[in-house]
Asker: 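Below you will find the structure I want to go over with you.
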There are 2 protein chains.
Amino acid sequence: MSRKATIGDVAKRAKVSPTAVSRWLNGGLELPEATGARIRNAVAALDYQPHAQARRLSKGKAEAIGIVVPDISNAFFALLAGEAERIAVASGHDVVIWSSRNRIERELACFDRLRAGYIDGLLLITNHEDDGRLAERIRSMPGRVVIIDEDVVGSEAPSFFVENEFGGYEATRHLIEHGHRRIAHIGGPKGVMSAIERARGWRRALSEAGITPETQWHVFTEYEVEPATRDAVQLFALDPLPTAIFAGSDAVALGVMTQARRRGIAIPEDISLVGFDGMPINDLLGPPLTSIAQPIDDLGRRGAERLLAMINGEPFEVTRTRLPVELVTRASVAAPRKEKF
Amino acid sequence: MSRKATIGDVAKRAKVSPTAVSRWLNGGLELPEATGARIRNAVAALDYQPHAQARRLSKGKAEAIGIVVPDISNAFFALLAGEAERIAVASGHDVVIWSSRNRIERELACFDRLRAGYIDGLLLITNHEDDGRLAERIRSMPGRVVIIDEDVVGSEAPSFFVENEFGGYEATRHLIEHGHRRIAHIGGPKGVMSAIERARGWRRALSEAGITPETQWHVFTEYEVEPATRDAVQLFALDPLPTAIFAGSDAVALGVMTQARRRGIAIPEDISLVGFDGMPINDLLGPPLTSIAQPIDDLGRRGAERLLAMINGEPFEVTRTRLPVELVTRASVAAPRKEKF
DNA sequence: ACGCTTTACTAAAGCGATTTACAACGGGCT
DNA sequence: AGCCCGTTGTAAATCGCTTTAGTAAAGCGT
C-alpha cells in the first residue's frame, strides 16, 4: 500500500503549485477550466483527501464539537445526543461523545480537550450538583459552551432547559384530579435545578389543593434506575402508603415500578405513578407510563444549533431558554382505592 | 484572554529548549530534579496543554477511534457504544460516534474520515445488507477496522458476533416446550447474517419437533420498533393466528407488542412472545419480555480492546469470535390456549 | 594529560496543510 | 513606448509539536 497522497503529489501531477491546489479546492482561487480540470483529475487519480490533522492545525479549527452526557447508554441522553449529533454532522462537524458517569473529573477533562483544541465547542449535559469548578471552567471559555437540560449554577453560557416547575405542577394536578391526596414525590438529587423546580411544582399543586405534604413524602435519589430502585424503598416504607407517586424522571419511575413489582404492589390499582421525560418506551411498559414529555429532540437540536452558530462567530450572549413540556396520559394513573375509616 | 501558552513559552520560562520540554513531558528524557521542577512549574504557571492538532500532526496519530452505529438513540447500540467508549477513553483515546441511520453513504463517509486521519481506527456496527462497497473499504484498511454484532459479507477484519443460530434455536425450543406448535418468526432483513442465522435456529427447532413452518410464518422486517410495528401486521393477518412469535430482536418484539396492544390481543394469554437481545428494560415491559440475552457489554468491550490493540501494533489477523447467548425467561411466554376442534 | 563514557541538554528538520504577499505575462489605453 | 491592470499563478512563512542526530561539558580511569 503506497503512502497516502499529499497536496504536493496532487500539485506535481497537475503541474501547478500546492498553493494553487489548496486555494482552488477551498474556493479561494479562480482558475481557467483547463487548469481546474488537471487538478480535478489529479485529485481523482490519487484519491486525494486533505490530511485531517494538517488541515486542522493550519486552520486553527478542529471542525468537531464535544458532547458530555452523564451516561450515553441511558436512553434519554442517547436520544438527546443523537439529535445533537445529527445537527452537527449536517454542518460538517465531527462529534466526540463523552460519558462522564457523573464524575466531575471526567467533565473537567472535557474542558481540557476544549482548551487543547481537540474540539471547537462543548455541549454540556450534567446531572449532579457542581462544586464550583464546572462553573468556573464554563466562564473561562465564553462562546464555546452550551448547557442543556440541567443548570450549572454560576455558569455563564447559553442554556436550554424545560419548564420543570410547570411539569411538576401538571403531574401533580393530574393525580389530584384523579382523587389522590397522599401524593409522594421521588425526585433528583438535592441541589440540582431540575429536581428543585419539579419538586416546587409538586408542592405548589399540593398546596393549591389544600394538602400539606409530610416531610417523608419527599425522597431524593439520582436520575437512574438503579439508585431509584434502591431509594424507592423509603416510599414503600411509609405508613400509610401514598396512593400516588410523582417520579422526577422516567428512569426514576422505572425504579419505582421495579420496587413495586418486587413487593406485589400493583400500578395503578394500588399506587398511581407519573414520570417525567416522556420516553418513547413508556407506551410499552407494564403499565404504560403517564409522564411529562420533554421536547428531547428540540433540546438537542437547539443546543447544537446555538453552539455551532457561536463557533461560526455569532456573538456570545448568555441566554436561558425554557422549552415547554406536556402531560402525556397513559395507564399508570387511576383513582385511589376507597379507604376504610 | 491571552493567547494559549505554547511549548515555546514553557521552554522560555523554564530556561530550556522546546525539545527538552517535549521530551521530558513525553517521558523520553531523564532530567535532573531541578530542571524537571522548572519545567513542571512553568507548565503549571502557564497552564500549558499541548495543542491537540499539532501533536497529532507530529505524531501521525489521531488518538481517537470512531464508532459507527445505525442509530445511537437505539438503546442496544447506545449500550454497545457506551461500553466501547469506556474502554477507549480509559486508554486515552477520544471516541467519535456516528449514527449512520443505515445509509451506506454515511458509513462510507466514516471510512473517509479514517483515511484522512481523523481517527486511527473504526468500530463498525451495521444493520443492513452491504452492496459490496463496505466490504471493499474494510479490506482496503486492514488492521484499522473491527466489526461487531453484524457481519459485512466479504470483509476481512476481526469480528465479534453472538451465537445467533443457537439463540434462535433456544427461543423456539422454549416456545415448543410450552406446548406451542404454530410458532411464527418476525426477524431482521433478508441478507443480513444475524437474521439468517436466527431464522435458521428457529427452523431447526421446528423441524426437530416435526413442525413444518408455512411460508407466511416468516416475516421480514428491520431491527427497529417502527418498521416492526408496521410489518407485524402480516403476523396478525394470519389465519389461524400463530400461538407464539419469536421476534428477531427486542425492538422487533416491541413492535409486535405495540401491534398486539392495538388489536386487543393479550400477551402471553393469546400469543406468546420471545425477543432477542436481552435489554435491561425487558423486565419492566407489559408483560416482562422473555428474550435471548446477548452479552452486549462483552461485544463492545472486546471489540474496542481488539481495535486498540491493533492500533498499537498487534499484528492484523482476521478472526471471527462468537460470544454466547442465554435464554432469560420472563412473563411473555405461556402455554397456548386450548383449541376447539 | 589523554581519551572515553555519561550527563544534560539543543538545533533543525519534519508533519501537511493554509495563507499572505508577491510575480510574470499579455493586452488595452494614452 | 510606457503604464496600468487583470489573469494566473507561485514562494515562503506559519500553525505547534515531535524526533533525529548531535554537541558541550563533566566525570573517570590510567
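Computation of the quantities below employed the complete heavy-atom set of this structure, encompassing side-chain atoms and omitting hydrogens, waters and symmetry-equivalent molecules. So you know, we letter chains A, B, ... as the sequences are listed, proteins then strands, and number each from 1.
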Asker: Roughly, in whole Å, what's the span from CZ in B:R55 to P in C:dA17?
Answerer: 21 Å
Asker: Could you check whether the side chain of B:S58 and the base of C:dG14 have a donor-acceptor pair of N or O atoms closer than 3.5 Å, going by distance alone?
Answerer: yes
Asker: Nearest-Å distance, CD (B:E33) to P (C:dA8)?
Answerer: 12 Å
Asker: Within the 4.5 Å heavy-atom criterion, are A:L31 and A:R23 side-chain neighbours or not?
Answerer: no
Asker: So does B:T19 reach the base of C:dA11 with its side chain, donor to acceptor, closer than 3.5 Å?
Answerer: yes
Asker: Base, sugar-phosphate, or nothing for A:P18, non-hydrogen atoms under 4.0 angstrom?
Answerer: nothing
Asker: Should we count NZ of A:K61 as having more than 12 external heavy atoms under 6.0 Å?
Answerer: yes
Asker: Calculate the interatomic distance between B:N26 atom CG and D:dT20 atom C1'; express it in whole Å.
Answerer: 15 Å
Asker: When you check the phosphate oxygens OP1 and OP2 of C:dG16, does a side-chain N or O of A:Y48 lie under 4.0 Å from one of them?
Answerer: no
Asker: In whole Å, what is the span from the CD atom of B:Q53 to the C1' atom of D:dG16?
Answerer: 10 Å
Asker: Side chain of B:K59 only, heavy atoms from C-beta on: which candidate in C:dT10, D:dT8, D:dT18 is closest?
Answerer: D:dT18
Asker: Indicate whether OP1 or OP2 belonging to D:dC15 is found under 4.0 Å from a side-chain N or O atom of A:R56.
Answerer: no
Asker: What nucleotide, of D:dT10, D:dG16, C:dA17, holds the atom closest to the side chain of A:L57?
Answerer: D:dG16
Asker: So which one's nearest nucleotide on DNA chain C is more toward 5', B:V16 or A:I7?
Answerer: B:V16
Asker: Distance check needed: C:dC15 P versus B:H51 NE2, whole Å only.
Answerer: 19 Å
Asker: B:W24 CH2 to C:dT7 P: how many Å, rounded?
Answerer: 19 Å
Asker: Considering just the side-chain nitrogens and oxygens of A:S22, establish if one lies under 4.0 Å of OP1 or OP2 belonging to C:dT18.
Answerer: yes
Asker: Figure out the CG/C1' separation between B:L25 and D:dG16, and round it to whole Å.
Answerer: 13 Å
Asker: Please tell me which of B:A54 and B:L29 maps to the more 5' nucleotide of DNA chain C, matching each residue to the nucleotide holding its nearest heavy atom.
Answerer: B:L29
Asker: Within a strict 4.5 Å, meaning less than it, do heavy atoms of the A:R144 and A:R115 side chains meet?
Answerer: no
Asker: In sequence, state the C-alpha distance, the side-chain angles, and the governing distance for A:T321 and A:R306, and then conclude on side-chain hydrogen bond (donor to acceptor under 3.5 Å, both in side chains).
Answerer: CA-CA 11 Å; A:T321 308; A:R306 188 67 204 281; over 6 Å; no
Asker: What is the distance from CZ of B:R23 to C1' of C:dA8, rounded to the nearest Å?
Answerer: 10 Å
Asker: Got B:N26 and B:R55 here, is their nearest side-chain heavy-atom distance under 4.5 Å?
Answerer: yes
